[in-house]
Amino acid sequence: MTSRRPVPRLEHHTLERLENIWLGVAIVMNVLLFTSAIASFVSGTYPSLRGEGGHHITGVQNGRIDPKNIAATPFAKPGLRENPDGTLEAFVVAKAFAFEPTVLRVPAGRPVTFHVTSLDVLHGYQVEGTNINATAIPGQVASFTTTFRRPGTLSTICNEYCGIGHHNMVTRVIVETPQQ
Amino acid sequence: MTTTPLHAPPGQASASGIPAPTGVVRQPPPITDAGYLASLKKVTQYYVVTAFLALFIGVLIGPLQALNYGGINVYDIPIVKALLKSYYQGLSLHGVLNALVFTQFFISGWLLYLPVRDLGARINMRFAWFTYVLMTAGLLLAAVPLLTNRATLLYTFYPPMQGDALFYIGAAIMVGSSLLVVGQIVLMWWNWKRANPGKVTPLVTFMSVAVWMMWFVASLGIVTEVVALLIPWSLGLVGGVDPLLSKTLFWWTGHAIVYFWVLPAYISWYAFIPRHAGGRTVSEPLTRLVFVLFLLNSTPVGIHHQYADPNISNLWKTVHMFLTFMIAVPSLLTAFSVTASLEDAARARGGRGLVGWVTRLPWGNAIFSAQVLAMISFILGGAGGVVNASSSFSPVVHNTAWIPGHFHITVGTATTLSFMGIALWLIPHLTGKRLPSMRVASWAVWTWFVGMMVFALGMHWQGLYGVSRRAQVSAAAPDVYRDLPIAIPTMLTAISGVILLISALLYFSVLFRMLLSPRVENGEQTPIPYSEAISPAGEKLAAAHPLVRLTEPLMALWVLALALVLLMYGPVLARMVANMQLVPGWRLY
Ligand code: HEM
Ligand SMILES: [Cu+2]
Ligand SMILES: [Cu+2]
């Protein structure tokens, strides 16, 4: 507390220059962010959600499905199925407060196309430890394709509030070593 | 050339913590009609007190939830059980009271009062009171089903989970009445423009009007959802509801609403905080630009909440993602500007060094520290927000505990703590009562900050392991949560609940003591803390900085904002309407 030389205060011109530099930095950061997000789309590290579910699902139009008429669609028998062309599809049905199938078995290393829908309210389909995260909406189908690389057991958690039993709505995905 | 240094630290802060200004400060025109002024102050006080009553109840529930995430289930304790039928009813009350009621009432009072005082204008007080009464009536209507467990829908009330029609009607009235405030303030400003041609709108009015305009554009989504879809559906007039369409309309408002929560705090950060610290607002032209960027950019981005939803094309998700990143720009400009104004203040008080100046700020003044801690919290919250906004990171954190971690350091701290600090001068200003203890207020503010930081750490951390949000994990039967390595983060969350409970009790004890104490002086002795500006905008539009001239036509910019949001939502909504899929309602709570 000895020398009290006046401290020069900030003034208009310096500030304006610094502001402009800062604005430039902000914009560059933005462009970088955007580019990296686009890159992840293009490279497919992100399982982008579609609605249509390809040509394999009967009873789905424009990604919509009549929840009262599930029996006429493959969702009537939830689970994994192998199509004649060798592709794998998993049909998952969410309803209060469980998923069907309760345990889904998939082979490691092969692409699986998931189709998720709900029979009542909104649910969430999140596979722990992956970036699989889709909303299950009654009357709509969420579809995405993903490949599980390593065998193991993964918890599947409902992450959208669906009522009094929400916290108990948990199942498993078991990734198996393909037997060939 | 530098402006003259300031030798003596600004005079001893008064009880209200507002030092006398050191330079030329704009003097808003006085209001000479004492009866009118008293009524204006009273209605503002009603809004603010209603807001804090809602926060008080809402915040008392918070620690129960935090303990839940620490694995401790208190919902089976008889007293809690008697009051709250389930964890989810508690959570619905917590979300609605804190995020919707507290903010809306505080902002309606704050952004009614500021521009009216700033212009020295006369507004119709009957209409202002009518609006308050209507908003409160809406709140009370919605409260009945909430309290009786007939609207345990959480604050997002996603259909087809169905609540009582009364809940939707009450909510519509509550939100709708905020639009009456918008009308009154925009009209008042417009009349001022016509009476003062060629003049620059004063800064505080400018910021307030821009925020109200933004809120108008933003609220259209939720108003449409509730009035056109949910009310007829809950009354049984139509057979079903389209959940995706409803959710999309909800997020049209639901994202922009977070800017409606935080911008009223920005107003204080820009215009008033420098004065509390003994410094100056940095640049009026830049401040105006920031608010215009928010007006244009905060609404057309809500689809970043719906990356996990099917039947919205990836193209639109990407467009909204990019626009979301763009909102970081005005926030970053704010970080620069506000920090510069603090540095200016600290140097005026003899602060030195690259960072050494920080110690010279008035950290013991709770009005100041509340808001500056709020800003620090917002920097961290903003960084996390960029993660949430990115469609490639979002699936990892979407709907996990990370999300409440994120918004408790944005709205739960940046906004709430700022409003808590503002109330410490605003209430003395409105009522002539005195803050009973700066020390206790200061403890409250610092513990809130520390508590929320610990909370955020615990929640972000466990969220990364996939712990779901909105889940009574302490009562979960499957052992998934017990298999995860989350012992430390869940413990942090539980501890933070206790810290925050103490903080809330300290704060509300000061607040209620202040409100219940007798009036001791004329409230005007605690002035509105206007700051001096380093680069002011001036009074004459013709001679002003280009940015000031560019941003002054707010009416045109408002139309542009509306056009932009229609452009960004029109095609998305059109596709949903064309493929409408109605499903029946459910009540699973
Ligand atoms: C004492 C302070 C507080 C504590 C301990 C606390 C704790 C919590 C916790 C643990 C959750 C997560 C619950 C869950 O996902 O199951 C939560 C949710 C929430 N909190 Fe707080 N909170 C506090 C204050 C606030 C404040 C000040 C606000 C806003 C102004 C706020 C707004 C919310 C909202 C909007 C939710 C989400 C509700 C939902 O998901 O529907 N909280 N809080
Ligand atoms: Cu569920
Ligand atoms: Cu659920």
Side-chain angles (χ1 to χ4, degrees), chain A residues 4 6-12 15-16 18-19 22-23 26-27 29-30 33-34 36-38 40-41 45-51 62-64 67 96 120-122 124 126 128-129 131-135 137-143 155 157-168 170, chain B residues 1-3 5-7 86 88 154 158 160-161 243-244 282-283 286 308-311 314 318 321-322 325-326 328-329 332-333 336 340 343-344 347-348 350-352 386 390-392 395-396 398-400 465-466 468-473 475-478 480 534-535 579 581 583 586 588-589:
Chain A
R4 266 200 148 279
V7 184
R9 297 191 71 184
L10 301 172
E11 44 84 43
H12 174 78
L15 276 172
E16 197 163 35
L18 293 174
E19 260 160 31
W22 181 252
L23 177 63
I27 290 174
M29 273 164 49
N30 230 303
L33 267 173
F34 188 62
S36 52
I38 289 284
S40 99
F41 262 125
T45 43
Y46 161 59
S48 52
L49 282 183
R50 300 185 312 276
N62 281 317
R64 269 75 170 174
D120 39 48
V121 295
L122 300 192
Q126 181 188 12
E128 174 230 309
N131 58 359
I132 296 174
N133 200 329
T135 319
I137 304 179
Q140 324 239 355
V141 179
S143 304
S155 304
I157 300 172
C158 172
N159 68 9
E160 186 69 81
Y161 167 66
C162 54
I164 198 74
H166 167 54
H167 47 279
N168 286 329
V170 170
Chain B
M1 207 196 83
T2 57
T3 40
L6 192 85
H7 290 281
S86 72
Y88 301 101
L154 307 186
Y158 291 150
M161 190 74 88
L244 185 62
V282 166
S283 160
L286 183 79
D309 292 359
N311 297 321
N314 282 335
T318 313
M321 170 173 68
F322 184 57
F325 289 160
M326 299 262 287
V329 172
L332 286 165
L333 290 176
F336 176 88
E343 182 177 340
D344 180 60
R347 296 209 188 280
R352 278 151 203 279
V386 172
S390 140
S391 60
S392 36
V396 177
H398 175 76
N399 274 351
T400 67
Y465 284 110
S468 176
R469 72 185 281 206
R470 303 175 147 183
Q472 194 181 5
V473 292
V480 262
I534 298 177
S535 317
N579 295 296
Q581 183 67 300
V583 300
W586 294 80
L588 303 174
Y589 46 85

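Letters A, B, ... are given to chains in the order of the sequence lines, protein chains preceding strands, and every chain is numbered from 1.
Smallest separation of non-hydrogen atoms from A:His166 and B:Arg470: CD2-O, 2.7 Å. Between A:Asn168 and B:Ala475, the closest heavy-atom pair is OD1-O, 4.1 Å. Residue B:Leu333 comes nearest to A:Trp22 through the heavy atom pair N-NE1, 3.8 Å, listed as atom of the first residue, atom of the second, then distance. For the residue pair A:Val141 and B:Pro310, the shortest heavy atom distance occurs at O-CB, 3.3 Å. In this structure, A:Asn62 and B:Asn311 approach most closely via the heavy-atom pair O-OD1, 3.6 Å.
Here the side chains of B:Asn399 and A:Tyr161 are not in contact, with every heavy-atom distance at 4.5 Å or above. Two residues are said to be in side-chain contact when any heavy atoms from C-beta on lie closer than 4.5 Å; B:Leu332 and A:Met29 meet this criterion. The closest side-chain heavy-atom distance from B:Val329 to A:Leu23 is below 4.5 Å. Residues B:Ser283 and A:Glu19 are in side-chain contact: their nearest non-hydrogen atoms beyond the backbone lie under 4.5 Å apart.
Considering only heavy-atom pairs separated by less than 4.5 Å from chain B, the leading option among A:Ile132, A:Ile27, A:Leu18 is A:Leu18. No other option in A:Ala96, A:Ala134, A:Gly124 has as many heavy-atom pairs under 4.5 Å with chain B as A:Ala134. The choice from A:Leu122, A:Asp120, A:Val170 that makes the most heavy-atom pairs within less than 4.5 Å of chain B is A:Asp120. Considering only heavy-atom pairs separated by less than 4.5 Å from chain A, the leading option among B:Trp586, B:Tyr465, B:Tyr88, B:Tyr589 is B:Tyr88. Ranked by heavy-atom pairs shorter than 4.5 Å toward chain A, the options B:Val386, B:Ile534, B:Val396 are led by B:Ile534.
For A:Gln140, the parts sitting under 4.5 Å from any heavy atom of chain B are the backbone and the side chain alike. At a 4.5 Å heavy-atom cutoff, the contact between B:Phe322 and chain A is made by backbone and side-chain atoms alike. In this structure, chain B has heavy atoms under 4.5 Å from both the backbone and the side chain of A:Pro138. Using a 4.5 Å cut-off between heavy atoms, A:Leu33 contacts chain B through both its backbone and its side chain. Looking at A:Leu15, both its backbone and its side chain come within 4.5 Å of chain B, counting heavy atoms on both sides. Within the 4.5 angstrom heavy-atom criterion, atoms from both the backbone and the side chain of A:Glu160 approach chain B. Using a 4.5 Å cut-off between heavy atoms, B:Met161 contacts chain A through both its backbone and its side chain.
Separation of atoms CD1 (A:Ile38) and OG (B:Ser392) is listed at 9.5 Å; rounding is to 0.5 Å. In this structure, OH in B:Tyr158 is found 13.5 Å from SG in A:Cys162, a value given to the nearest 0.5 Å.
With hydrogens and angles ignored, the 3.5 Å screen pairs a side-chain donor or acceptor of A:Asn133 with a backbone N or O of B:His398. Not a single donor-acceptor pair under 3.5 Å links the side chain of A:Asn159 to the backbone N or O of B:Ser468.
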